[in-house]
Amino acid sequence: MKALQSVRGMHDILPADIAAWQWLERRLSRLMARYGFEEIRIPLVEKTELFTRAIGQGTDVVEKEMYAFDDRNGDSLCLRPEGTAGVVRAALQHGLLNPPGLKLWYAGPMFRHERPQKGRQRQFHQTGVEVFGLDAPAVDAELIALGSRLWRELGIAEHIELEINSLGDRDDRQRYRQALLAYLGPLRDQLDDDSRRRLESNPLRIFDSKAPATQALLKAAPRLIDHLGEGARAHFTAVTELLDAQGIRYRINPGLVRGLDYYCRTVFEWTTRSLGAQGTVCAGGRYDDLVEVQGGKPTPGIGFAMGMERLLELVKGQNGRFENPPHAYLLGSEPASERLGLAEALRDRWPELRLVTDLQGGSFKAQFKRADRSGARLALVLGDQEMADRTISVKDLKGDAPQASVAQDSMDDWLRTFFDDDRRGHGK
RNA sequence: GUGGGCGUAGCUCAGGGGUAGAGCACUGGAUUGUGGCUCCAGCGGUCGUGGGUUCAAAUCCCAUCGUCCACCCCA
């Protein structure tokens, strides 16, 4: 029988990586709570229409990256490619949008059928936040402040830069689209193939082109930011002033459009240069029309999502190692019953103790070897001799102190003293 | 979807038509109740998979899957 492999671009997260994931997850959930966000958990599968409506028919995500399939009853379903659409759906379905000011966060896997490369997988993990019903610039600014704080707390702030832009309101974009077409139309022949195609499908996206010739032409192109209506312009100015006031540095990038159609007004992207071609670590923006598009009453919204794998790459480059080695490794001689009994008794009284029992047996040499490999601080020995005189031999595997013999009855005191001294010794 | 690199032991990799290798890891011994350092021995592979060429294929050819990197696009 041939062994099967995981499907392309979908990776196991192995025990060796779990400590880093949990470290990041704990920090994220704590941070969300500090800003008054509540967690929501929604299905990985939604009706395909939810995403085609929210993200937009002409987008790459919908056109070629969705994991869509037919359910047994003929419904077209889809593995979620992003989180916002589902959160909006859930908020509408359960009437969460009243009163205004709902703040939600979510975390979990997303699926996009793309060719994998550095920082990109077909199943990847995002953590995101959404705020509903508030249109004040302060909302945008606070979300950005949350991100900024996160990078500082993760120790990666110096590797991440903020870019922002305003896409204006729907009418603004419509007017701008005309202006852009008027400029680029005559230059059609000088554009790269993709950009020429986008003249029809989605002219704004031409700004994403990496073709040098196209970028050169775009330098002189009309800028969306100059076509903002009064509302959008005032909003954007207010957001940047709030960022200035908080000392958050940013770069206004007039070419920053986003891949999903639902964005309007403020869009932003946190990027890094340390991750290869995939520089975006976290991105988001306003989506004031999205709730209405999904069948709700007009309700402004704003949110962002960050890519956990990319974030972890940065954190690992910075932070080195994450480990949770056991505190103690219990070994001894047969029969195992006394050893198991001792381990359970210790676990009863020391809920925080990470205690591994040797279940493989064999020579003391082999067991000590495993104890060492486990990374445990202490080896606890319950051999024939110890069982006979009701003691435990304790050896510090990380130090030079001679092995101690401790009466089983006073094990608690011994452990308490040992770990207390240890804490003091390390000045923690 | 397009292009390129790479798939050989658990891991990192050598070998590019003629008997499948090294280091690390693992197991045992030197040390009959003591890890780490050292030395010795051992275990471990249908060379990603399927086809083809050949007397002979890990090696050459084709296909396919996976992986990495880039493009497209995105977190």
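Letters A, B, ... are given to chains in the order of the sequence lines, protein chains preceding strands, and every chain is numbered from 1.
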**Student:** For residues A:E82 and A:Q126, is any side-chain donor paired with an opposing acceptor at under 3.5 Å?
**Tutor:** no
**Student:** Would you measure the distance from the C1' atom in B:rU32 across to the matching atom in B:rA22 and give it in whole Å?
**Tutor:** 34 Å
**Student:** Report the distance from atom CZ of A:R122 to atom P of B:rG66, rounded to the nearest whole Å.
**Tutor:** 7 Å
**Student:** Tell me the interatomic distance from A:K64, atom NZ, to B:rU2, atom P, rounded to whole angstroms.
**Tutor:** 11 Å
**Student:** Across all strands, who's sitting opposite B:rU32 as a Watson-Crick or G-U wobble pair, both distances under 3.5 Å?
**Tutor:** none
**Student:** Determine the contact category for A:G375: base if any of its heavy atoms lies under 4.0 Å from a base atom, sugar-phosphate if only primed atoms, P, OP1 or OP2 are that close, otherwise nothing.
**Tutor:** nothing
**Student:** Between side-chain atoms of residues 402-411 of chain A and protein atoms elsewhere (two or more places apart, or another chain), which donor-acceptor pairs fall under 3.5 Å?
**Tutor:**
unit_1	atom_1	unit_2	atom_2	d
A:Q408	OE1	A:R390	NH2	3.3
A:Q408	NE2	A:T391	O	3.2
A:S410	OG	A:A407	O	3.2

**Student:** Hey, does A:Q278 reach any base, or is it just sugar-phosphate, or nothing, if we go heavy atoms under 4.0 Å?
**Tutor:** base
**Student:** Quantified in whole Å, what is the C1' atom distance between nucleotide B:rA57 and nucleotide B:rG48?
**Tutor:**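 Their C1' atoms lie roughly 16 Å apart.
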**Student:** Rounded to whole angstrom, note down the C1' distance from B:rU19 over to B:rG29.
**Tutor:**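 That atom pair is separated by 30 Å.
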**Student:** Map A:S393 and A:H125 onto RNA chain B by nearest heavy atom, then report which one ends up closer to the 5' terminus.
**Tutor:** A:S393
**Student:** Report the distance from atom CG of A:D60 to atom C1' of B:rC71, rounded to the nearest whole Å.
**Tutor:**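 Value for this atom pair: 12 Å.
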**Student:** Which of the following nucleotides, B:rU34, B:rA75, B:rU67, is nearest to the side chain of A:R8?
**Tutor:** B:rU67
**Student:** Please check this pair: side chain of A:D172 against backbone of A:D169, looking for a donor-acceptor N/O pair closer than 3.5 Å.
**Tutor:** yes
**Student:** Only pairs at least two apart or in different chains count here, so list each ring-ring contact (aromatic ring centres under 6.0 Å, His included) that has a residue in residues 35-60 of chain A.
**Tutor:**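 Counting only pairs at least two positions apart or across chains, no ring-ring contact (aromatic ring centres under 6.0 Å, His included) contact touches residues 35-60 of chain A.
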**Student:** Atom CG of A:L150 and atom P of B:rA75: how far apart are they, to the nearest Å?
**Tutor:** 17 Å
**Student:** Roughly how many Å apart are B:rG45 and B:rU12, using the C1' atom of each and rounding to a whole number?
**Tutor:**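 Comparing C1' positions in B:rU12 and B:rG45 gives a spacing of 16 Å.
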**Student:** For A:M306 and B:rA75, what is the distance between atoms CE and P respectively, to the nearest whole Å?
**Tutor:**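 Value for this atom pair: 13 Å.
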**Student:** Look through every strand shown and name the nucleotide pairing with B:rA20 as Watson-Crick or G-U wobble, where both distances are under 3.5 Å.
**Tutor:** none
**Student:** Is a side-chain donor-acceptor pair under 3.5 Å present for A:E130 with A:Y287?
**Tutor:**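 A donor-acceptor contact under 3.5 Å links the two side chains.
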**Student:** With sequence neighbours excluded, tell me which residues meet side chain to side chain contact (heavy atoms under 4.5 Å, CB included) with A:H11.
**Tutor:**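 Only A:Q121 meet the side chain to side chain contact (heavy atoms under 4.5 Å, CB included) criterion with A:H11.
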**Student:** Would you mind calling B:rG42 syn or anti? Take O4'-C1'-N9-C4 for purines or O4'-C1'-N1-C2 for pyrimidines, and syn is within 90° of 0.
**Tutor:**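 In terms of base orientation relative to the sugar, B:rG42 is anti.
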**Student:** Between B:rU34, B:rA75, B:rA70, which nucleotide has the shortest distance from any of its atoms to the side chain of A:K395?
**Tutor:**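 Between B:rU34, B:rA75, B:rA70, the one nearest the side chain of A:K395 would be B:rU34.
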**Student:** Scan A:A371 against the nucleic acid and name what it touches under 4.0 Å (heavy atoms): base, sugar-phosphate only, or nothing.
**Tutor:**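 Counting heavy atoms under 4.0 Å across all strands, no contact is made by A:A371.
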**Student:** Throw together a table of side-chain donor-acceptor distances under 3.5 angstrom for residues 134-148 of chain A, partners on residues two or more places apart or in other chains.
**Tutor:**
unit_1	atom_1	unit_2	atom_2	d
A:D140	OD1	A:R286	NE	3.2
A:D140	OD1	A:R286	NH2	2.9
A:D140	OD2	A:H235	NE2	2.8
A:D140	OD2	A:T266	OG1	2.6
A:D140	OD2	A:R286	NE	3.2

**Student:** Considering Watson-Crick and G-U wobble pairs with both distances under 3.5 Å, what does B:rC60 pair with?
**Tutor:**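 Paired with B:rG52.
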**Student:** Take atom C1' in B:rG28 and the same atom in B:rA20, then report the distance between them in whole Å.
**Tutor:**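 Per the computed distance, 25 Å lies between those C1' atoms.
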**Student:** Between the base of B:rG33 and the side chain of A:E386, is there any donor-acceptor pair under 3.5 Å?
**Tutor:**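 Under the 3.5 Å cut-off, the side chain and the base do form a donor-acceptor pair.
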**Student:** With sequence neighbours left out, what residues match A:D71 under salt bridge (Lys or Arg N to Asp or Glu O under 4.0 Å)?
**Tutor:** none
**Student:** Taking atom C1' in both B:rU53 and B:rA63, compute the distance separating them and give it to the nearest angstrom.
**Tutor:**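 These two C1' atoms come out 15 Å apart once rounded.
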**Student:** Reckon A:E82 touches a base, only the sugar-phosphate, or nothing at all at heavy-atom distances under 4.0 Å?
**Tutor:**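 If one applies the 4.0 Å heavy-atom cut-off, A:E82 turns out to touch nothing in the nucleic acid.
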**Student:** 5'-most contact on RNA chain B: A:D400 or A:Q5, nearest heavy atom basis?
**Tutor:**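 Comparing both residues, the 5'-ward one is A:D400.
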**Student:** Applying the 5.5 Å / 30° rule, does A:F364 stack onto the base of B:rU34?
**Tutor:** no
**Student:** Could you tell me how far apart A:W151 (CH2) and B:rA75 (C1') are, to the nearest whole angstrom?
**Tutor:**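 In whole Å, B:rA75 C1' lies 10 Å from A:W151 CH2.
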**Student:** Rounded to the nearest angstrom, tell me the gap between atom CD in A:E309 and atom C1' in B:rC68.
**Tutor:** 16 Å
**Student:** Assess whether one donor atom and one acceptor atom, taken from the side chain of A:K365 and the base of B:rU34, lie less than 3.5 Å apart.
**Tutor:** no
**Student:** Is A:Q367 side chain donor-acceptor paired with the B:rU34 base, going by distance under 3.5 Å alone?
**Tutor:** no
**Student:** Looking at residues 102-120 of chain A, who's got a heavy atom less than 4.0 Å off RNA chain B?
**Tutor:**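 Only A:R112, A:E114, A:R115, A:P116, A:Q117, A:K118, A:G119, A:R120 qualify.
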**Student:** Select one nucleotide: of B:rG33, B:rA70, B:rU34, the one nearest the side-chain heavy atoms of A:Q403.
**Tutor:**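 Looking only at side-chain atoms, A:Q403 lies closest to B:rU34.
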**Student:** In whole Å, what separates the P atom of B:rC60 from that of B:rG18?
**Tutor:**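 That atom pair is separated by 11 Å.
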**Student:** Could you identify the nucleotide paired to B:rG42, looking across every strand shown and requiring Watson-Crick or G-U wobble geometry with both distances under 3.5 Å?
**Tutor:** B:rC26
**Student:** Under a 3.5 Å limit for both distances, which nucleotide forms a Watson-Crick or G-U wobble pair with B:rU67, could you say?
**Tutor:** B:rG5
**Student:** Choosing from B:rG36, B:rC72, B:rC68, which nucleotide comes nearest the side chain of A:K369?
**Tutor:** B:rG36
**Student:** Do the side chain of A:R370 and the main chain of A:G361 share a donor and acceptor less than 3.5 angstrom apart?
**Tutor:**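 Yes: the side chain of A:R370 pairs with the backbone of A:G361.
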**Student:** Kindly assign one of parallel, tilted or perpendicular to the pair A:Y67 and A:H113, based on the angle between their ring planes and the thresholds 30° and 60°.
**Tutor:** tilted
**Student:** Which whole number of Å gives the distance between the C1' atom of B:rU49 and that of B:rC65?
**Tutor:** 7 Å
**Student:** Using whole Å, report how far CD of A:E163 lies from P of B:rC74.
**Tutor:**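 Atom-to-atom, A:E163 to B:rC74, this comes out as 14 Å.
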**Student:** Mind checking if A:E313 touches a base, just sugar-phosphate, or nothing, with heavy atoms under 4.0 Å?
**Tutor:**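 A:E313: no heavy atom of the nucleic acid under 4.0 Å.
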